[in-house]
Amino acid sequence: MAKIQTPQPVRGTQDIFGEDQERFQHVVETFERVRRLYGFKGVQMPVFEPTSVFARSLGETTDVVSKEMYSFEDRGGDSLTLRPEFTAGISRAFLTNGWQQHMPLKLSTHGPLFRYERPQKGRYRQFHQLDAEIIGAGEAAADVELLCFADQLLKELGIADGVTLQLNTLGDAESRDAWRDALVAHFQAHKAGLSKDSQDRLERNPLRILDSKERQDRPIADSAPDIDAYLSSEAKEFFAQVTEGLDACGVAWTRNSRLVRGLDYYRHTAFEFVTDRLGAQGTVLAGGRYDGLIESLGGPATPAVGWAAGIERLGMLLEEPRPEKPLITVIPDDPKDEKVALEIVSVLRRAGIVTDFAFRGNTKKRFTLATKRGSRGRLVVTADESGKGIPSRQGHKIRINEPDSFEQANSSLIDVVLEALKSGYNVVAHERAETGYAVDAVLQASNIE
RNA sequence: GCGAUCGUAGCUCAGUUGGUUAGAGCGCCGGUUUGUGGUACCGGAGGUCGGGGGUUCGAGACCCCUCGGUCGCCCCA
């Protein structure tokens, strides 16, 4: 028989399972909880959009657009792109749904994004982000609220230690353009001293030379003019309001005048929460103000701010998550007892008890499984010769034990389980078993049909 | 796209300068033991050594190509 080649996953994709899945889930659940505290509405977006949505808003010359997008033609001949980020799609939705009426609109979402990049740890071709945006608010208070949200999220995830908020302003459109011209002039004058990468950047993305890691670029980048000299008084005032607001909220920040954004649409506030624990993938949450974006998509001039955070990266920073364990495993003592056991399982689950049903193998195997899954207690269902048990069948009793507490039969777990069983049965009798670390009980159906 | 490094059982890895039937631990399956089943002991299954080509009497080890992982650059969350 010819052996067929097993399929490989697509490069840079991941199957998230076990502990990774628990980390992922914890990040998303914490995000969902905190965003409600701040009054952000959830929203779901399509995973693909017309290519022009991203091409126009991100800037044609950016790396993301020019070489990292998953773009394809559909059967109707339209060029579509798997979303490489959230902001452009949300802006498009804002326009096509007439969400102007809800301004200022606070939105949040999370889900998969796609970028054709070289995979590394914490960087995938299909990756996942949290996202928060405030659309239609030009006030610095919107920036402050968004940053407080981010700060609280990181704190509640327990990863704020070792993470610093770096803050900068790119000024309004005029400030930014004037600064950019000055930078280009400065770098042009020192072009010969720049690294090859940075010489390329001079054409495409001169702002990026500022945070170059190339040693030979540092003196030139460090001596480049700061934005401050080019800020209009309005832009200066705006940034001051943001920093004062952060101080009022108790959010720690540091000014990084070398912090810039890669995408064209950013104005004013730019920020990154950075950790030193993830190597080259140190940025854990980043964003800024993008007042020009919606206009560039053909809409009315609409101020907006937002951020995004990598779920995988946040998950990697989390403390060891405690695994999900069933509270109790129900074990029929004999195949004949399975139906009754299932009935009990249903009653427990409906009463809110996390219950596992051991359905494979002999009784010993079922106990082994209960141990392996880490359930705190076992509930064994056995036939009861006294005939006092669950009516309409021949009579059953249960035995509950908790292996971790051999000495204490009257543990809280046993009480909790007995209490839950009362929602479906009358517990007519229960007593400590002869072995000393278990409780036997007889159940009687409480509502007889 | 560039540079470095790695790829042996389901998992983590060992396999000495190329040399007979490729090993261990954990996990899995079966059995014995045990205080309700933790533990301990015995046995078993499972590998075309990422894939393809080459050098050689002989390759898991050497060479080339290719596909993946990891780290850095680029870019970015």
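- Residue A:E214 contributes atom CD, which lies 18 Å from atom P of B:rC2 at whole-angstrom precision.
- For the C1' atoms, the distance from B:rG44 to B:rG52 is 35 Å, rounded to whole Å.
- Side-chain N/O atoms of A:Y70 and A:Q126 include no donor and acceptor closer than 3.5 Å.
- Neither OP1 nor OP2 of B:rG69 sits under 4.0 Å from any side-chain N or O of A:Q120.
- Separating the C1' atom of B:rU8 from that of B:rG69 is a span of 15 Å, rounded to the nearest Å.
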Subject >> side-chain hydrogen bond (donor to acceptor under 3.5 Å, both in side chains) assessment of A:D356 paired with A:S375 >> reply: CA-CA 8 Å; A:D356 200 17; A:S375 72; over 6 Å; no
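- Base engagement by A:R313 is indicated by at least one non-hydrogen atom pair under 4.0 Å involving a base atom.
- Taking every side-chain heavy atom of A:T368 into account, B:rG37 is the closest of B:rG37, B:rU36, B:rC74.
- Not counting sequence neighbours, the partners of A:R366 by the salt bridge (charged side-chain N to carboxylate O under 4.0 Å, His left out) test are A:E338.
- Within 4.0 Å of A:E272, counting heavy atoms only, lies no atom of the nucleic acid at all.
- Rounded to whole angstrom, the span from the CZ atom of A:R261 across to the P atom of B:rC76 amounts to 8 Å.
- Base contact: A:Y124 has a heavy atom under 4.0 Å from a base atom.
- Considering only side-chain atoms of A:Y116, the nucleotide from B:rG1, B:rA77, B:rC75 that sits closest is B:rG1.
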So which protein N/O to nucleotides 5-10 of chain B N/O distances come out below 3.5 Å?
none

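- When only modelled atom types and interatomic distance are considered, A:R349 and A:S346 share no side-chain donor-acceptor pair under 3.5 Å.
- When distances run from any side-chain atom of A:T371 to the nucleotides B:rA77, B:rG1, B:rG38, the shortest one goes to B:rG38.
- In this structure, A:G12 and A:P119 approach most closely via the heavy-atom pair CA-CG, 3.8 Å.
- Distances shorter than 4.0 Å separate some side-chain N or O of A:K372 from OP1 or OP2 on B:rC28.
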Can you give me the N/O atom pairs linking the protein to nucleotides 39-45 of chain B at distances under 3.5 Å, or say none if there are none?
none

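- In this structure, A:W253 has its ring center no closer than 6.0 Å to that of A:F271.
- Taking atom CG on A:L194 and atom C1' on B:rC73, their separation rounds to 17 Å, with Å as the unit.
- With P as the reference atom, B:rG15 and B:rG23 are 15 Å apart, rounded to whole Å.
- If you take atom P in B:rG1 and the same atom in B:rU66, they sit 11 Å apart, rounded to whole Å.
- In terms of heavy-atom proximity, A:R176 sits nearest to A:L170 at CB-O, 3.3 Å.
- Rounded to whole Å, the separation between the C1' atoms of B:rU17 and B:rA59 comes to 14 Å.
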Original post:
Tell me, what's RNA chain B's dot-bracket, Watson-Crick or G-U with both distances under 3.5 Å, | for other-strand, [ ] crossing?
Top reply: (((((((..((((.....[...)))).(((((.......))))).....(((((..]....))))))))))))....
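- Taking the P atoms as reference points, B:rG25 lies 36 Å from B:rC64, given to the whole Å.
- Annotation: A:R255, atom CZ; neighbour count of heavy atoms from other residues, nucleotides and ligands within 6.0 Å is above 12.
- The 5' end of RNA chain B is approached more closely, in terms of each residue's nearest nucleotide, by A:T13 than by the other of A:T13 and A:L285.
- Environment of CG in A:N362: crowded, with over 12 heavy atoms of neighbouring residues, nucleotides or ligands closer than 6.0 Å.
- Note: CG (A:L317) to P (B:rA77) measures 16 Å, nearest angstrom.
- Rounded to whole Å, the distance from CG on A:D63 to P on B:rC73 is 15 Å.
- Note on A:R118: every side-chain N or O is 4.0 Å or more away from OP1 and OP2 of B:rG69.
- Remark: A:R208 is not in phosphate contact with B:rC74, judged by side-chain N or O atoms under 4.0 Å from OP1 or OP2.
- A:R378 contributes no side-chain N or O that forms a donor-acceptor pair with the base of B:rU36 under 3.5 Å.
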**OP:** Test A:T283 against A:E272 for side-chain hydrogen bond (donor to acceptor under 3.5 Å, both in side chains), laying out the working first.
**Re:** CA-CA 6 Å; A:T283 301; A:E272 285 184 18; 3.0 Å; yes
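- For A:D161, the CG atom is loosely surrounded, since the number of other residues' heavy atoms within 6.0 Å does not exceed 12.
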Which atom pairs, one a donor and one an acceptor, fall under 3.5 Å between side chains of residues 37-49 of chain A and the rest of the protein, sequence neighbours left out?
from	atom 1	to	atom 2	distance (Å)
A:Y38	OH	A:C148	O	3.3
A:Y38	OH	A:Q152	OE1	2.6
A:E49	OE1	A:R92	NH1	2.9
A:E49	OE2	A:R92	NH1	2.6

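- Atom CZ of A:F359 is surrounded by 12 or fewer heavy atoms from other residues, nucleotides or ligands within 6.0 Å.
- A 4.5 Å side-chain heavy-atom check between A:D211 and A:L259 finds every atom pair outside the cut-off.
- Side chain of A:R201, nearest nucleotide from B:rC75, B:rG38, B:rG69: B:rC75.
- Regarding A:E117, its CD atom lies at a distance of 13 Å from the C1' atom of B:rC73, rounded to whole Å.
- Between A:K365 and B:rG30 there is a side-chain N or O to OP1 or OP2 distance below 4.0 Å.
- In terms of phosphate contacts, A:K213 brings a side-chain nitrogen or oxygen within less than 4.0 Å of OP1 or OP2 of B:rC73.
- Position along RNA chain B of the nearest nucleotide to A:G122 versus A:F367 favours A:F367 as the more 5'-ward residue.
- Using a 4.0 Å heavy-atom distance criterion, A:G12 is classed as a sugar-phosphate-only contact.
- Nucleotides B:rG38 and B:rC6 place their C1' atoms 39 Å apart, quoted to the nearest Å.
- At whole-Å resolution of the value, CZ in A:R373 and C1' in B:rG38 are 18 Å apart.
- By the salt bridge (charged side-chain N to carboxylate O under 4.0 Å, His left out) test, A:D151 pairs with A:K155, sequence neighbours left out.
- B:rC11 and B:rC49 have their P atoms separated by 16 Å, with the value rounded to a whole Å.
- Across all strands, A:A309 comes closer than 4.0 Å to no nucleic acid atom at all (heavy-atom distances).
- A:R115 comes within 4.0 angstrom of a nucleotide base, judged by non-hydrogen atoms across all strands.
- Nucleotide B:rC74 holds its C1' atom 6 Å from the CG atom of A:D197, rounded to whole Å.
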